[in-house]
Undergrad: 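Please read through the structure below; I'll follow up with questions.
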Amino acid sequence: MTSLDEVLQELAALRNENREVSCACPHQVLDGSGDVFKSEMACLAGSDPVQDSDLACIEDVLAGSGRTTEQHLALIQCFNDEMSADIECKRAHLDSCADQQFSPCSDDTDTDTCGGDYSQDTLEALWICTY
């Protein structure tokens with residue numbers, strides 16, 4: 001059986017890969033002020049990779065959610081599946097980047113699909129941990 005630590009490590013790897021793929025089209029990525037990045041380097045510099053402290057934050061939020069480990073595993077695995085699909089979509093549409101077109105791919109994991117019985121506050125806290 002997969003452990004929570006394993007799915008969290010996968011989440012970190014996917015989040016970091018998503019960051020790199022997204023920054024390949026920097027004009028499609030918003031910076032902290034709501035403007036788009038001007039270059040791939042600026043995008044990468046402006047968005048930190050997932051750290052161990054981010055994963056610890058996620059574990060703390062999950063621990064306080066009142067849900068079971070199995071529910072945590074299902075939630076994070078759902079996020080991972082959604083992010084994998086998003087990464088594949090972005091890779092498939094990298095050619096549209098040169099045309100300054102917005103990608104048809106989503107930027108965020110669909111918490112309506114993955115959230116299940118988790119409160120909106122918990123889902124927002126999880127999002128804050130890695131952004």
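FYI, side chains are in, hydrogens and waters are out, and symmetry mates aren't considered; it's all heavy atoms of this structure.
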Undergrad: Would you name the heavy atoms of D54 and P49 that are closest together and state the gap between them?
TA: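 That closest heavy-atom pairing would be OD2-O, 3.9 Å.
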Undergrad: Which atom pair, heavy atoms only, marks the closest approach of D86 to N18?
TA: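 Reported closest heavy-atom pair: OD2-OD1, 3.5 Å.
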Undergrad: Could you work out, with side chain to side chain contact (heavy atoms under 4.5 Å, CB included) as the rule, every residue matching T68, not counting sequence neighbours?
TA: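 For T68, the residues satisfying side chain to side chain contact (heavy atoms under 4.5 Å, CB included) (neighbours in sequence not counted) are E70, Q71.
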Undergrad: Taking all non-hydrogen atoms of both residues into account, name the closest pair between V36 and P26 and its distance.
TA: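 Nearest heavy atoms, V36 then P26: CB-O, 4.2 Å.
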Undergrad: Taking all heavy atoms of A24 and all of L94, pick out the closest pair and write down the distance.
TA: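 In this case the closest contact between A24 and L94 is CB-CD2, 3.9 Å.
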Undergrad: Could you check if a side-chain atom of V61 sits within less than 4.5 angstrom of a side-chain atom of I128, using non-hydrogen atoms only?
TA: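 No, too far: nothing below the 4.5 Å cut-off.
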Undergrad: Any side-chain heavy atom of V7 within less than 4.5 Å of one from H72?
TA: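 No - every pair of side-chain heavy atoms lies 4.5 Å or more apart.
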Undergrad: Can you check whether L75 reaches L123 side chain to side chain, under 4.5 Å on heavy atoms?
TA: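 Yes; the side chains approach each other to less than 4.5 Å.
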Undergrad: Cluster question for you: counting only ILVMFWY and a side-chain heavy-atom cut-off of under 4.5 Å, with indirect links fine, are L44 and M83 together?
TA: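 Different clusters: L44 never reaches M83 through Ile, Leu, Val, Met, Phe, Trp or Tyr contacts under 4.5 Å.
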Undergrad: Within the structure provided, determine whether F37 and C23 are in side-chain contact (heavy-atom separation under 4.5 Å).
TA: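 Heavy-atom side-chain distance check fails, nothing below 4.5 Å.
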Undergrad: Please find the pair of heavy atoms, one from I76 and one from L4, that lie closest to each other, and give the distance.
TA: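 So the two residues come closest at CG1-CD1, 4.4 Å.
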Undergrad: List for me each residue that meets side chain to side chain contact (heavy atoms under 4.5 Å, CB included) alongside A56, sequence neighbours excluded, and say none if there are none.
TA: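 Side chain to side chain contact (heavy atoms under 4.5 Å, CB included) check on A56 returns nothing, list empty.
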Undergrad: About how many Å separate CD1 of I87 and OG of S22, when rounded to the nearest 0.5 Å?
TA: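 Answer rounded to 0.5 Å: 8.0 Å.
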Undergrad: Please, which pairs that meet salt bridge (Lys or Arg N to Asp or Glu O under 4.0 Å) have at least one residue in residues 20-48, sequence neighbours excluded?
TA: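 Output for this query is empty, none listed.
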Undergrad: With D60, which residues qualify under side-chain hydrogen bond (donor to acceptor under 3.5 Å, both in side chains), at least two apart?
TA: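 Checked D60 against side-chain hydrogen bond (donor to acceptor under 3.5 Å, both in side chains); zero matches.
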Undergrad: Going by the rule side chain to side chain contact (heavy atoms under 4.5 Å, CB included), which residues pair with S119 if we only count those two or more places apart in sequence or in a different chain?
TA: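 Side chain to side chain contact (heavy atoms under 4.5 Å, CB included) list for S119, sorted by chain: D121, T122.
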Undergrad: Quick check: does any side chain N or O of N16 sit under 3.5 Å from a backbone N or O of A13, one acting as donor and the other as acceptor?
TA: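 It does not hold such a pair.
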Undergrad: Closer than 4.0 angstrom, basic N to acidic O: yes or no for E17 and R91?
TA: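 Here E17 pairs with R91 in a salt bridge, since their nearest N and O are under 4.0 Å apart.
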Undergrad: Run the side-chain hydrogen bond (donor to acceptor under 3.5 Å, both in side chains) test against E59 and tell me which residues pass, sequence neighbours left out.
TA: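 Partners of E59 by the side-chain hydrogen bond (donor to acceptor under 3.5 Å, both in side chains) criterion come out as none, since no residue qualifies.
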Undergrad: Which residues pass the side-chain hydrogen bond (donor to acceptor under 3.5 Å, both in side chains) test with E88, sequence neighbours left out?
TA: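 Residues passing side-chain hydrogen bond (donor to acceptor under 3.5 Å, both in side chains) with E88: none at all.
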Undergrad: CZ of F79 to CG of L126: how many Å apart, nearest 0.5 Å?
TA: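 One gets 5.5 Å once the value is rounded to the nearest 0.5 Å.
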Undergrad: CG of L73 to CD of E6: how many Å apart, nearest 0.5 Å?
TA: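 Here the rounded value is 9.0 Å.
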Undergrad: Working to the nearest 0.5 Å, report the span between CD of Q77 and OG1 of T2.
TA: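 So the gap between those two atoms works out to 7.0 Å.
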Undergrad: With sequence neighbours excluded, what pairs up with R19 under the side-chain hydrogen bond (donor to acceptor under 3.5 Å, both in side chains) test?
TA: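 Scan of R19 (side-chain hydrogen bond (donor to acceptor under 3.5 Å, both in side chains), adjacent residues dropped) gives S47.
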Undergrad: Under the side chain to side chain contact (heavy atoms under 4.5 Å, CB included) test, which residues partner A12, sequence neighbours left out?
TA: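 V50, L55.
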